[in-house]
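Presented below is the structure to which this report refers.
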Amino acid sequence: MDIFRIEGPVRLSGQVTVNGSKNAALPIMAAAILAEGQSSLAGVPRLSDVRLFGDLLQTLGCRVERDADEPMRIDASVISNPVGDYEIVRKMRASICILGPLLARCGRAEVSMPGGCAIGDRPINLHVRGLRELGAEIHLKNGYVIAEAPKGLRGASIFLGGSFGSTVLGTANVMMAAALAKGRTVVESAACEPEISDLANCLNAMGARISGIGSPRLVIEGVPHLHPVQYRVIPDRIEAGTFMVAAAITRGELKLVNCRLDDLMAVVDKLRNVGVTVEPTADGCVVAGTDHLRPTDVTTQPYPGFPTDLQAQLMALLALAEGNSVVIEKIFPDRFMHVAELNRMAADLRKEGPAVIVAGVKNLVAAPVMASDLRASAALVLAGLAAEGTTIINRVYHIDRGYERIEERLNPLGAQIFREDAPAP
Ligand code: EPZ
């Protein structure tokens with residue numbers, strides 16, 4: 001099991017290219033199930049979660065291939081086993097987004113319940129509600145969701161909002177199922193995340209008829225068949241936001257390439273709020289840090305609000321602001337695994353229910369810390385870049401789930417991150 005040894009403080013400078021979006025690629029890989037034949041997906045990032053999702057598709061009967069820098073090829077001519085196995089689903093909650101396409105393609109699906117994870121419960125009641133509205137019979141058995149639609153799916157008007165707002169993968173599941181349902185489906189309170197728009201655009205390229213893309217109201221006219229597709233996924237806005245914070249927290253300057261600034265307006269707003277410079281360029285932006293960070297308040301919300309996936313990274317930056325900030329997590333109220341670890345690095349963070357009071361400090365100090373979930377781990381890397389001394393991050397596999405060899409991306413910019421074997425226990 002790898003660890004990171006990070007020498008700090010450093011000041012990053014240079015240019016970095018943003019990879020394709022993990023959270024667009026995973027549901028788009030699932031969408032390949034809907035069409036007999038081989039789809040080709042470009043821009044899919046090389047991440048452990050993507051490899052695991054490819055393994056999952058292969059257990060269903062798909063053939064998944066990828067050579068060198070070639071696009072990923074998914075041949076879904078045969079779906080011999082519409083069952084999402086617990087051994088894979090328990091490692092990656094996103095596996096749940098095979099439910100809708102399997103149901104639409106095969107008329108039945110069995111997918112293990114995702115269960116909880118480091119950022120909190122991962123319920124699927126909205127997924128189930130939406131698919132039932134489309135005519136599926138769904139029951140739970142031995143920890144598996146069993147969904148059947150022997151007579152096919154039919155269009156419906158579905159309100160998909162929950163107590164935390166919209167659901168990203170719930171919208172993905174319902175949209176993919178409705179694409180092959182008989183008749184019209186209207187989804188109200190659909191997720192508006194760019195990754196859902198990317199999925200909808202990919203489905204339309206496969207022959208679906210989806211309108212209202214990017215809005216909370218999707219209209220899907222069911223079609224009898226979808227055909228395989230050649231498609232390129234959008235850049236990863238969360239990786240881009242992480243690199244923007246890396247520039248800010250090290251008081252450096254980075255040029256981001258292949259970054260859609262329009263997907264990050266709430267993040268750019270907050271960074272400018274605290275004194276970070278963000279200058280748009282033709283295909284991204286230039287981000288420059290400041291020696292005097294201002295405090296701010298931030299609340300995570302569904303898109304276009306401030307993304308929960310960048311909450312931990314922004315908190316690491318606010319730990320160095322000149323004053324007190326308040327961070328409120330409205331999407332996953334327990335998503336604060338990074339707080340105790342950042343405090344080990346001399347941050348001054350105090351959890352108050354769904355909020356954390358961030359009292360800015362002058363410096364962070366290196367320490368051994370524990371990675372937990374993907375984005376909390378990224379925040380610890382950012383803190384390690386700014387902290388004085390040698391930071392050791394354990395359980396680096398969490399970071400590899402969402403960032404492709406992050407040390408190979410950051411070291412050319414001035415970081416000193418060394419991937420090493422964990423010492424024998
Ligand atoms: C997606 O997860 C992302 N994952 C998450 O990114 C992201 O944090 C999340 O959306 C919110 O933006 C992928 O796209 C693979 P939700 P998802 O359903 O779809 C509640 C990362 O770090 N809810 O939008 O699983 C839920 O508990 C990952 O890349 C229900 O109550 O999240 C949460 O409070 C982490 N019932 C809120 O809705 C349901 O049926 C939003 O969850 C479904 C969700």
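Every number for a ligand or one of its atoms is a count from 1 in the order of the listing. Throughout, numbering of the chain's residues begins at 1 and tracks the sequence.
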So which heavy atom on [X] is nearest to which on [Y], and how close?
{"X": "F159", "Y": "S189", "result": "CE1-CB, 3.5 Å"}
{"X": "D198", "Y": "I234", "result": "OD2-N, 3.0 Å"}
{"X": "P27", "Y": "C97", "result": "CA-SG, 3.9 Å"}

* Asked: Hey, are T300 and E329 close enough side-chain-wise for a donor-acceptor pair under 3.5 Å?
  -> yes
* Structure fact -> Residue set satisfying side-chain hydrogen bond (donor to acceptor under 3.5 Å, both in side chains) with N204, at least two apart, ordered chain then number -> none
* Measuring from each atom of ligand 1, which residues have a heavy atom under 4.0 Å away? ->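 Answer by chain and number: K22, N23, A94, I119, D121, R122, P123, I124, N125, L126, H127, F164, S166, T167, V168, L169, T308, D309, I331, F332, R335, L374, R375.
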* Run through K330, R375, R335 and flag the one making a side chain to side chain donor-acceptor pair (under 3.5 Å) with T308. =>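 For T308, the side chain to side chain donor-acceptor pair (under 3.5 Å) check succeeds only for R335.
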